[in-house]
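Below: one structure, written as C-alpha cells.
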Amino acid sequence: MNPSIIYEDNHLLALNKPAGWLVQGDRTGDATLTDWGREYLKEKYAKPGAVFLHPVHRIDRPVSGAVLFARTDKALGRLTTLFRDKQVAKTYLALVVKEPKQAAGELRHFLVKDEKRNLVQAFSQPGGDGKESITRYETAGRSGPYWLLRVFPLTGRPHQIRAQLAAMGCPIAGDLKYGASAALPDASIGLHCLEMNLLHPVKKENLRITAELPDKPWWKKV
C-alpha cells in the first residue's frame, strides 16, 4: 500500500502512513515516508532541487496512521514547540488481545529503552533513566477476536502505547515484541494513529487531521 494525502497547504503536509513504512531513514536503507512526501511535492509543483519537508513526530514502523510534516522553516519551528508543549491532542485506535480489567483509565509508567534490543520496559516507580509516560484509554467494544480501545497519549515516548498497554496485560494484536502470541499476516500491529487536533502554526485556526483505517480484515469490524 502507498501513503495517501490527508491534508496539504503551503505550510503543512499530513500523510496516512501504511504499516511497514519508516517515517525517517534507518540503517536498513529502506524507503521512507519522508522520501515519498518529498517526491510527491517535487512532482506536483515541479520543484527544482531539494524539497523542504520535515516530520515533526514519528510513529513506529508497524503502526499505521497520521503523520504530520512541516513544509517551511516557520511551520517547523512552531510545530516543534506545539508538540514539545503538549498542545497537540492525538487519538489512536488499538486492537488488544485481552479485555482491560477497567473499561477506562490512565496509565502512568516510567519507560526505559534498551537501545540494543529496541525494546522499552515500563516500570511503576521512578528510577534510573526512566521517563514518565502518561496514556489514557477507554474501551470502545469488541472487534472480532480483539477489544478495541481509544488511546490518548499525553506524553510522546518511544513505544509508549505499546509498552504501557502490554504492562497492563493487554498487548496489541500482532505485537510480538510486547507480548502478543501471534503475528498479523502483514507484520503490522493493531495500532493506528487516527486523529490529531492542533492549532495551525501559521493560520492560527483549529486543525483536525483524520486518517482512514487500513483496508485490512482486522480493522473492517471497527
Side-chain angles (χ1 to χ4, degrees), residues 1-94 131 133-136 150-162 188-189 191-215 219:
M1 294 179 63
N2 284 324
S4 59
I5 311 299
I6 303 172
Y7 177 85
E8 179 183 351
D9 64 22
N10 291 335
H11 304 279
L12 307 178
L13 179 68
L15 300 177
N16 191 349
K17 182 183 90 66
W21 282 68
L22 292 165
V23 174
Q24 290 180 295
D26 66 6
R27 60 188 177 185
T28 66
D30 292 344
T32 71
L33 192 69
T34 304
D35 294 334
W36 189 94
R38 287 174 179 159
E39 189 61 28
Y40 161 77
L41 293 172
K42 188 178 182 67
E43 291 183 3
K44 181 175 181 178
Y45 299 105
K47 286 181 171 289
V51 173
F52 186 99
L53 188 71
H54 289 272
V56 291
H57 67 114
R58 291 187 292 178
I59 58 178
D60 296 338
R61 186 168 192 161
V63 179
S64 58
V67 179
L68 185 60
F69 293 83
R71 292 186 57 191
T72 62
D73 272 324
K74 179 189 289 187
L76 178 61
R78 293 179 181 179
L79 284 171
T80 299
T81 299
L82 288 175
F83 275 87
R84 183 196 65 202
D85 294 344
K86 301 179 179 60
Q87 297 299 307
V88 180
K90 291 172 282 187
T91 302
Y92 284 74
L93 292 182
K131 296 181 178 179
S133 302
I134 306 170
T135 300
R136 292 175 183 158
R150 293 189 188 92
V151 184
F152 313 98
L154 304 186
T155 52
R157 312 299 184 196
H159 295 199
Q160 174 175 319
I161 296 172
R162 299 166 67 183
S188 70
I189 64 174
L191 185 62
H192 180 78
C193 183
L194 178 69
E195 186 175 292
M196 288 186 285
N197 287 274
L198 66 151
L199 189 67
H200 193 289
V202 179
K203 298 179 181 180
K204 304 302 182 183
E205 300 170 349
N206 290 326
L207 178 62
R208 179 182 180 184
I209 294 167
T210 304
E212 290 186 1
L213 287 168
D215 185 21
W219 287 113

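One is the number of the first residue; the rest follow in order along the sequence.
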Give me the atom names and distance for the closest heavy-atom approach of Thr210 to Ile6.
O-CG2, 3.2 Å
Counterpart residues, ring-ring contact (aromatic ring centres under 6.0 Å, His included), relative to Tyr7 (two or more places apart)
none
Pro201 side chain reached by His11 side chain, heavy atoms, under 4.5 Å:
no
What residues, two or more places apart in sequence or in another chain, satisfy side-chain contact (heavy atoms from CB on, under 4.5 Å) together with Lys131?
Arg157
Determine, step by step, whether Leu15 and Ile5 satisfy the side-chain contact (heavy atoms from CB on, under 4.5 Å) criterion, reporting the C-alpha distance in whole Å, the side-chain angles of both residues, the deciding distance to 0.1 Å, and the verdict.
CA-CA 5 Å; Leu15 300 177; Ile5 311 299; 3.3 Å; yes
Atom of Cys193, atom of Ala211 and distance for their closest heavy-atom approach:
O-CB, 3.7 Å
Sorted by chain and number, sequence neighbours left out, salt bridge (Lys or Arg N to Asp or Glu O under 4.0 Å) with Arg136 holds for Glu106
Over all atoms of both residues, closest heavy-atom pair of Arg71 and Asn10:
CB-O, 3.8 Å
Can you establish whether the number of heavy atoms outside Glu212 located under 6.0 Å from its atom CD is more than 12?
no
Sub-4.5 Å side-chain heavy-atom contact between Asn2 and Trp21
yes
Within this structure, what is the CG-CD1 distance for the pair Leu22 and Ile59, rounded to the nearest 0.5 Å?
11.0 Å
Would His54 and Arg38 count as a side-chain contact (heavy atoms from CB on, under 4.5 Å) if you check the C-alpha gap in whole Å, the side-chain angles of each, and the deciding distance to 0.1 Å?
CA-CA 9 Å; His54 289 272; Arg38 287 174 179 159; 4.0 Å; yes
Residues Ala94 and Val151: closest non-hydrogen pair is CB-CG2, 3.9 Å
d(Lys47 NZ, Leu53 CG) to nearest 0.5 Å is 10.5 Å
In this structure, CG of Leu154 is separated from OG1 of Thr135 (nearest 0.5 Å) by 6.5 Å
Would you say the side chain of Val51 lies within less than 4.5 Å of the side chain of Tyr40, judging by non-hydrogen atoms?
no
Could you tell me if the side chain of Pro55 sits less than 4.5 Å from the side chain of Lys17, heavy atoms only?
no
Nearest heavy-atom neighbours spanning Ser133 and Thr155:
CA-OG1, 3.3 Å
From NZ (Lys90) to CG (Asn197), nearest 0.5 Å
12.0 Å
Under a 4.5 Å cut-off applied to non-hydrogen side-chain atoms, are Leu68 and Leu198 in contact?
yes
For the CZ atom of Arg78 and the OG1 atom of Thr72, what is their distance to the nearest 0.5 Å?
8.5 Å
Going by heavy atoms in the side chains, are Ile209 and Glu195 under 4.5 Å from each other?
no
Which atom of Gly65 lies closest to which atom of His192, heavy atoms considered:
CA-CE1, 3.4 Å
Surrounding CZ of Arg61 (heavy atoms of other residues, nucleotides or ligands, distance under 6.0 Å), is the total greater than 12?
yes
Should we count NZ of Lys203 as having more than 12 external heavy atoms under 6.0 Å?
yes
As a quick check of understanding, evaluate side-chain contact (heavy atoms from CB on, under 4.5 Å) for Leu82 and Val56, giving each step before the final call.
CA-CA 10 Å; Leu82 288 175; Val56 291; over 6 Å; no
Please lay out, stage by stage, how Leu199 and Lys204 fare under the test side-chain contact (heavy atoms from CB on, under 4.5 Å).
CA-CA 6 Å; Leu199 189 67; Lys204 304 302 182 183; 4.2 Å; yes
Roughly how far, to the nearest 0.5 Å, is the CG atom of Leu79 from the NZ atom of Lys74?
12.5 Å
Evaluate the ring planes of Phe83 and His57, with Trp represented by its six-membered ring, and classify them as parallel (under 30°), tilted (30 to 60°) or perpendicular (over 60°).
parallel
